[in-house]
Enquirer: 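Let me give you the structure first, and then I'll get to my questions.
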Number of protein chains: 2
Amino acid sequence: MSLDEMAGCLAELGHPTRLQILRYLVKSGHAGAAVGDIQEALGIPGSTLSHHLSRMVKVGLVEQVRESRTLHCFPRFEVIESIANFLMEECCVNEACAIDTDDDTSTAR
Amino acid sequence: MSLDEMAGCLAELGHPTRLQILRYLVKSGHAGAAVGDIQEALGIPGSTLSHHLSRMVKVGLVEQVRESRTLHCFPRFEVIESIANFLMEECCVNEACAIDTDDDTSTAR
DNA sequence: ATGATAATTCTATATTTCTAGAAATATATT
DNA sequence: AATATATTTCTAGAAATATAGAATTATCAT
């Protein structure tokens with residue numbers, strides 16, 4: 001993934017509603033969730049939701065599979081993972097961070 | 001960090017120029033880099049650079065320490081790390097990803 | 001065919017963001 | 001005091017984003 005593509009993904013993640021949507025999809029796991037499910041669960045107007053979803057699909061964060069009238073959405077786990085890795089490796093580990101954070105500031109693990 | 005704060009950080013990361021800036025800062029390590037260094041190294045006009053830096057400072061991705069005329073900038077490694085962790089944990093690990101990727105797609109670790 | 005359901009596209013408005021030159025501020029040097 | 005250096009703030013125009021109602025498309029059921 002190029003720097004621009006990476007920035008593109010991060011930008012799409014960088015919106016509260018979209019982050020909420022992605023979280024919901026992750027929670028739904030591999031079964032995914034229909035657009036309508038998301039809409040009802042999060043209370044987002046259809047047109048707004050559609051807009052956000054299409055942006056996430058565009059950068060590859062979300063995948064959609066149509067089953068007749070219903071459109072199922074899935075998070076692209078590998079993509080999310082590679083973004084997390086990018087942040088860890090490219091932006092963190094080099095001579096800092098993992099070395100420097102002697103007490104574990106990071107939340108869980 | 002709240003979901004909104006997380007989204008705020010991700011949004012700031014989600015700009016090619018800012019991502020470049022952050023990378024440069026990380027490369028510079030704990031010595032940090034002066035605004036002028038960044039400006040010269042990346043060829044970004046001062047006002048533009050200042051704008052991007054102030055955004056990153058605002059969400060806590062970057063810290064600045066003034067030393068007379070020179071303003072040194074440092075990446076907040078813990079913040080970057082916690083974003084990476086959020087993506088891994090909150091958005092990835094739950095019943096998917098780490099479980100599902102039988103061959104280790106993630107580069108390091 | 002008609003009606004219901006699922007979702008998108010169209011449209012418009014409000015708001016934010018990006019960009020960079022010009023002017024201003026703050027600090028150091030002579 | 002005058003000048004140079006480092007950086008920010010001001011300004012403004014262009015472009016992108018976000019929001020959501022209304023209209024539209026596609027599919028299914030009767």
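Note that the coordinates shown come from a computational prediction; the quantities given were computed from them, not determined experimentally. Both backbone and side-chain heavy atoms feed into the values below; hydrogens, waters and symmetry mates do not. Chain naming here is simple, since letters A, B, ... match the order of the sequence lines and numbering starts at 1 in each.
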Enquirer: Rounded to whole Å, how long is the line connecting atom CG of B:Leu19 with atom C1' of C:dC18?
Expert: 16 Å
Enquirer: Rounded to the nearest 0.5 Å, what's the gap from CG on B:Asp4 to CD on A:Gln20? Could you check?
Expert: 8.5 Å
Enquirer: Could you tell me whether the phosphate oxygens of D:dT19, OP1 or OP2, come under 4.0 Å of any side-chain nitrogen or oxygen in A:His15?
Expert: yes
Enquirer: Quick one: CG on B:Leu19 to CG on A:Leu10, what's the gap to the nearest 0.5 Å?
Expert: 6.0 Å
Enquirer: Could you check whether B:His51 gets within reach of a base, just the sugar-phosphate, or nothing at all, counting any heavy atom under 4.0 Å?
Expert: base
Enquirer: Identify the two heavy atoms, one from A:Arg76 and one from A:Gly60, that lie closest to each other, and give their separation to 0.1 Å.
Expert: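 Heavy atoms of A:Arg76 and A:Gly60 come nearest at CG-O, 3.0 Å.
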Enquirer: Please check the phosphate of D:dT19 (OP1 and OP2 only) for any side-chain N or O of A:His52 closer than 4.0 Å.
Expert: yes
Enquirer: Whole angstroms only, please: what is the CD1-C1' distance between B:Ile44 and C:dA20?
Expert: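 Nearest whole value for this atom pair: 12 Å.
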Enquirer: So what does B:Gly46 hit on the nucleic acid, given a heavy-atom distance under 4.0 Å: a base, only sugar-phosphate, or nothing?
Expert: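 Since a base atom lies under 4.0 Å of B:Gly46, the category is base.
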Enquirer: Test side-chain contact (heavy atoms from CB on, under 4.5 Å) on B:Thr70 and B:Val35 and set out the steps.
Expert: CA-CA 7 Å; B:Thr70 305; B:Val35 174; over 6 Å; no
Enquirer: Measuring to OP1 and OP2 of D:dT7, would you say a side-chain N or O of B:Arg66 lies under 4.0 angstrom away?
Expert: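 The answer is no; no side-chain N or O of B:Arg66 sits under 4.0 Å from OP1 or OP2.
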Enquirer: At 4.0 Å (heavy atoms only), tell me whether B:Ser50 reaches a base, stays on the sugar-phosphate, or touches nothing.
Expert: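 Base, at least one base atom sits under 4.0 Å.
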Enquirer: Using whole Å, what does the distance between atom P of nucleotide C:dT19 and atom CD of B:Gln20 come to?
Expert: 11 Å
Enquirer: A:Lys58 has an atom NZ; how far is it from atom P of C:dT9, in whole Å?
Expert: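 In whole Å, C:dT9 P lies 12 Å from A:Lys58 NZ.
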Enquirer: From CD of B:Gln39 over to C1' of C:dG21, roughly how many Å is that when rounded to an integer?
Expert: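 One finds 13 Å between C1' of C:dG21 and CD of B:Gln39, rounded.
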Enquirer: May I have the distance from B:Arg55 (atom CZ) to D:dT8 (atom C1'), rounded to whole angstrom?
Expert: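 Spelled out: CZ on B:Arg55 to C1' on D:dT8 is 16 Å.
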Enquirer: What integer distance in Å separates A:Leu53:CG from C:dA6:C1'?
Expert: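 Checked: the CG to C1' distance equals 13 Å.
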Enquirer: What is the separation between atom CG on B:Leu71 and atom P on C:dT25, rounded to the nearest whole Å?
Expert: 18 Å
Enquirer: Do A:Glu67 and A:His72 have side-chain atoms, one donor and one acceptor, less than 3.5 Å apart?
Expert: yes
Enquirer: For D:dA18 and A:Arg18 - does any side-chain N or O of the residue sit under 4.0 Å from the phosphate oxygens OP1/OP2?
Expert: yes
Enquirer: If only side-chain N and O atoms of B:Ser68 are considered, is one of them under 4.0 Å from the OP1 or OP2 phosphate oxygen of C:dA28?
Expert: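 The answer is yes; a side-chain N or O of B:Ser68 sits under 4.0 Å from OP1 or OP2.
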Enquirer: Contact class for B:Thr70 (heavy atom, under 4.0 Å): base, sugar-phosphate, or nothing?
Expert: sugar-phosphate
Enquirer: If you assign A:Leu49 and A:Arg69 each to the DNA chain C nucleotide with the nearest heavy atom, which residue ends up on the more 5' nucleotide?
Expert: A:Arg69
Enquirer: Less than 4.0 angstrom between a side-chain N/O of B:Thr48 and OP1 or OP2 of C:dA20, yes or no?
Expert: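 Looking at the OP1 and OP2 atoms of C:dA20, one of them is under 4.0 Å from a side-chain N or O of B:Thr48.
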